[in-house]
Amino acid sequence: MGMDLTLFMADWAWLGAVPVENRIGLLEDAAWPEEFDDVFHLGRGRAHGWRSPPGPGAAWCAEYGFTTTGAYAPHVRAGDAWADTRLLVGPSVREPMDTFLDGLVWEADPASTGAKGFLSPADADRPHRHVLLACPPEALPGKVWAWERVEPRLEELRAPFAAECEGWAGRPDTFDDFVALLREWGDVTATAARRGWGLVGLP
């Protein structure tokens, strides 16, 4: 059974006022409050698009359900596909795509924890101490800027993707699958940037 990706848009200032060791727990409680178990059992907990929590968390966070996939592995595969193809495209496409994907589905520096320390102390003994992604609000306008520049040129990635990824195990099944996931991330980052909130991904 694979790991899921639960993606939140959250008010960084509100979370910043909470002790760091409690932040992930608050996100989990907002997404799956015990008093609203019946709501989720009726199938409303995994709707596509943005969903405000049914409890008080609605004031400071929202959960996103991907239409392309709810599993984490396809996002990792998309990041790996970009790592495979990026050197086959020119800098005018490569550089904005690097900016857009870094910290979302691809890590320019895998050793870097980036903003993840904002959510969980490095030595925390918690089931979710390994945050899947953390993108602070100050990084999102740059990602929106990068996406606006690369989105009209996505077709230029088709041939490099075919050369390096198509049909390979551990990569997106098709170029169209790859692009669909990128477009969804483009919508997610634009929404969070407009709100001035950050993004958090938990397993």
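All residue numbers refer to positions in the sequence shown, counting from 1.
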Have Glu184 and Thr67 got a donor and an acceptor in their side chains that come within less than 3.5 Å?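 Yes.
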
May I ask you to check whether Ser92 and Arg149 show a side-chain donor-acceptor distance below 3.5 Å?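 Per modelled atom types, Ser92 and Arg149 side chains form no pair under 3.5 Å.
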
When rounded to the nearest 0.5 angstrom, what is the spacing between [atom1] in [X] and [atom2] in [Y]?
| X | Y | atom1 | atom2 | value |
| --- | --- | --- | --- | --- |
| Asp29 | Ile24 | CG | CD1 | 12.0 Å |
| Leu119 | Leu27 | CG | CG | 7.0 Å |
| Leu87 | Glu164 | CG | CD | 9.0 Å |

Note: Asp84-Arg77 ion pair, threshold 4.0 Å (strictly below):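 Salt bridge: no.
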
Consider only side-chain heavy atoms of I, L, V, M, F, W and Y, link residues closer than 4.5 Å, and tell whether [X] and [Y] are in one cluster.
| X | Y | answer |
| --- | --- | --- |
| Trp168 | Trp82 | no |
| Val93 | Val179 | yes |
| Val150 | Trp145 | no |
| Leu154 | Leu104 | yes |
| Trp50 | Leu5 | yes |

Heavy-atom side-chain proximity of [X] to [Y] below 4.5 angstrom:
| X | Y | answer |
| --- | --- | --- |
| Glu107 | Asp102 | yes |
| Met97 | Leu157 | yes |
| Leu199 | Thr189 | yes |
| Pro19 | Asn22 | yes |
| Leu132 | Leu202 | no |
| Tyr72 | Pro203 | no |
| Trp106 | Arg86 | yes |
| Asp177 | Leu181 | no |

Which pair of heavy atoms, one from [X] and one from [Y], lies closest together, and at what distance?
| X | Y | result |
| --- | --- | --- |
| Pro96 | Ala146 | O-CB, 3.2 Å |
| Cys165 | Thr85 | SG-CG2, 3.8 Å |
| Ala10 | Leu15 | CB-CD1, 3.8 Å |
| Pro137 | Gly196 | CB-O, 3.5 Å |
| Leu140 | Cys135 | CD2-SG, 3.7 Å |
| Pro172 | Ala78 | CG-CA, 4.0 Å |

What verdict does the side chain to side chain contact (heavy atoms under 4.5 Å, CB included) test give for Asp11 and Cys61, after you've listed the backbone C-alpha separation in whole Å, the side-chain angles of each residue and the deciding distance to 0.1 Å? CA-CA 6 Å; Asp11 183 338; Cys61 76; over 6 Å; no

Set of ring-ring contact (aromatic ring centres under 6.0 Å, His included) partners for [X], sequence neighbours left out:
| X | answer |
| --- | --- |
| Trp147 | Phe100 |
| Trp14 | Trp60 |
| Phe161 | Phe175, Phe178 |

Using side chain to side chain contact (heavy atoms under 4.5 Å, CB included), reason through Leu101 and Leu182 one step at a time and then give a plain yes or no. CA-CA 9 Å; Leu101 293 182; Leu182 297 185; 3.6 Å; yes

Treating [X] as the side-chain partner and [Y] as the backbone partner, does any N or O pair qualify as donor plus acceptor under 3.5 Å?
| X | Y | answer |
| --- | --- | --- |
| Arg171 | Gly167 | no |
| Arg94 | Val89 | yes |
| Lys143 | Ala190 | no |

Report yes or no: is the cationic atom of Arg23 (NZ for Lys, CZ for Arg) closer than 6.0 Å to the six-membered ring centre of Phe118, at no more than 45° off its axis?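 Output yes; distance and angle both within limits.
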
Quick one: does NZ or CZ of Arg195 land under 6.0 Å from the six-membered ring centre of Trp197, within 45 degrees of the ring axis?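 Geometry flag: set, cation within 6.0 Å and 45°.
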
